[in-house]
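Just below is one structure, and these are the notes that go with it.
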Amino acid sequence: PLFRSAEHGKHCILALCEVYDERGNHRLDQTSLYIPNNYIKKLAVRHPKTFIPTCSVHPKDPEALEKLHQLRDQGVRLIKWLPNAMNIDPDLNDEDYVKFYEKVNKLEMFLLIHTGDEHSISSRFHDDSLGSPLKLKGPLGHKVKVIAAHCASEVNRSRVGLLVDFVGVL
């Protein structure tokens with residue numbers, strides 16, 4: 001096996017959903033990388049001692065709340081967002097986001113949110129401002145449990161302000 005859980009523990013295996021626009025339209029033309037939730041769940045079932053399934057649901061997906069409920073019923077607790085490449089503004093305080101955050105709380109789930117700039121996915125949709133740690137104020141303001149991936153760290157020293165912003169959110 002690639003990993004031995006006794007040596008390394010479990011690993012989160014990450015899905016990545018498609019891009020949706022502000023009106024809830026599915027934008028496959030803006031989606032550069034799509035890793036389906038079902039694929040991630042199958043791998044986790046096949047290797048339960050190795051993988052923790054981390055699925056992805058866009059808050060503007062018209063079926064988002066139902067998908068969250070289904071995933072939780074299947075044992076999924078982590079939801080992955082890569083705002084920079086998924087057209088997700090975590091600090092957007094509109095009805096869809098508020099309902100999404102309420103459902104995440106009710107289902108006792110967590111959001112794993114990429115923070116900082118994005119360099120590994122050259123998405124057709126790309127907005128590094130959405131990776132600002134200040135955007136975490138949205139879900140945190142709704143009492144969502146958030147894991148800030150990378151803590152907005154940045155190799156480029158000219159972007160050290162991201163880390164300062166991250167500390168300011170704490």
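Remember, predicted model here, so these are calculated numbers, not experimental data.
In this structure a side-chain-to-backbone donor-acceptor pair under 3.5 Å is missing from T31 to L33. N87 contributes no side-chain N or O that, together with a main-chain N or O of V19, makes up a donor-acceptor pair within less than 3.5 Å.
Within the 4.5 Å cutoff, the side chain of S56 has no heavy atoms near those of the L14 side chain. At least one side-chain heavy atom of D89 sits under 4.5 Å from a side-chain heavy atom of K135. Between T115 and L136, some side-chain heavy-atom pair lies under the 4.5 Å cut-off. Inter-residue side-chain proximity for P139 and F100 is flagged as unmet; no heavy-atom pair is nearer than 4.5 Å. Inter-residue side-chain proximity for N105 and V144 is flagged as met; some heavy-atom pair is nearer than 4.5 Å. L71 places a side-chain heavy atom less than 4.5 Å from the side chain of V57. I147 is listed as a side-chain neighbour of L78, based on a closest heavy-atom distance under 4.5 Å. Taking the side chain as every heavy atom from C-beta outward, M109 and L68 approach each other to under 4.5 Å.
Follow the hydrophobic side-chain contacts under 4.5 Å out from L112 and you never reach L82; the two are in separate clusters. Under the 4.5 Å side-chain heavy-atom criterion for grouping Ile, Leu, Val, Met, Phe, Trp and Tyr, Y34 is not connected to Y39 through any hydrophobic cluster. Connection of I88 to V98 is not established within any shared hydrophobic cluster, with ILVMFWY side chains joined at heavy-atom distances below 4.5 Å, either directly or through further cluster members. L111 is connected to V76 through a chain of hydrophobic side-chain contacts under 4.5 Å among Ile, Leu, Val, Met, Phe, Trp and Tyr, so both are in one cluster. A single hydrophobic cluster is seen to contain both I79 and L107, as judged by linkage of ILVMFWY side chains at heavy-atom distances under 4.5 Å, directly or through other members.
Taken to the nearest 0.5 Å, the SG atom of C17 stands 3.0 Å off from the CE atom of M86. Going from atom CZ of F110 over to atom CZ of R77 covers 4.5 Å, rounded to the nearest 0.5 Å. Between the NE2 atom in H114 and the NZ atom in K80 there is a gap of 7.0 Å [rounded to 0.5 Å]. Taking CG of N37 as the start and NZ of K42 as the end, the distance is 12.0 Å to the nearest 0.5 Å. To the nearest 0.5 Å, the span separating CD1 on I13 from CG on L43 amounts to 4.5 Å. Rounded to the nearest 0.5 angstrom, D61 CG and N25 CG are separated by 11.0 Å.
When only modelled atom types and interatomic distance are considered, N93 and H142 share a side-chain donor-acceptor pair under 3.5 Å. Counting only N and O atoms by type, the side chains of N84 and D128 include a donor and acceptor under 3.5 Å apart. Judged by distance alone, the side chains of Q70 and E66 do bring a donor and an acceptor atom under 3.5 Å apart.
Under the 4.0 Å criterion applied to side-chain N and carboxylate O atoms, K99 and E95 are assigned as salt-bridge partners. Of the charged side-chain nitrogens involved, at least one lies within less than 4.0 Å of a carboxylate oxygen, so that D96 and K60 count as a salt-bridged pair.
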Practice item. Please lay out, stage by stage, how K41 and C55 fare under the test side-chain contact (heavy atoms from CB on, under 4.5 Å). Key: CA-CA 8 Å; K41 291 184 299 182; C55 292; 4.0 Å; yes

Review point. Could you walk me through whether E18 and R27 pass the side-chain contact (heavy atoms from CB on, under 4.5 Å) check?
Key: CA-CA 7 Å; E18 307 98 321; R27 295 297 308 266; over 6 Å; no

Review point. Can you list the steps and then say if H11 with T50 is a side-chain contact (heavy atoms from CB on, under 4.5 Å)?
Key: CA-CA 6 Å; H11 307 275; T50 304; 4.1 Å; yes

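By the 30° and 60° cut-offs, the orientation of the rings of W81 relative to Y97 is perpendicular.
The shortest heavy-atom contact between Y20 and P62 is CE2-CD, 4.0 Å.
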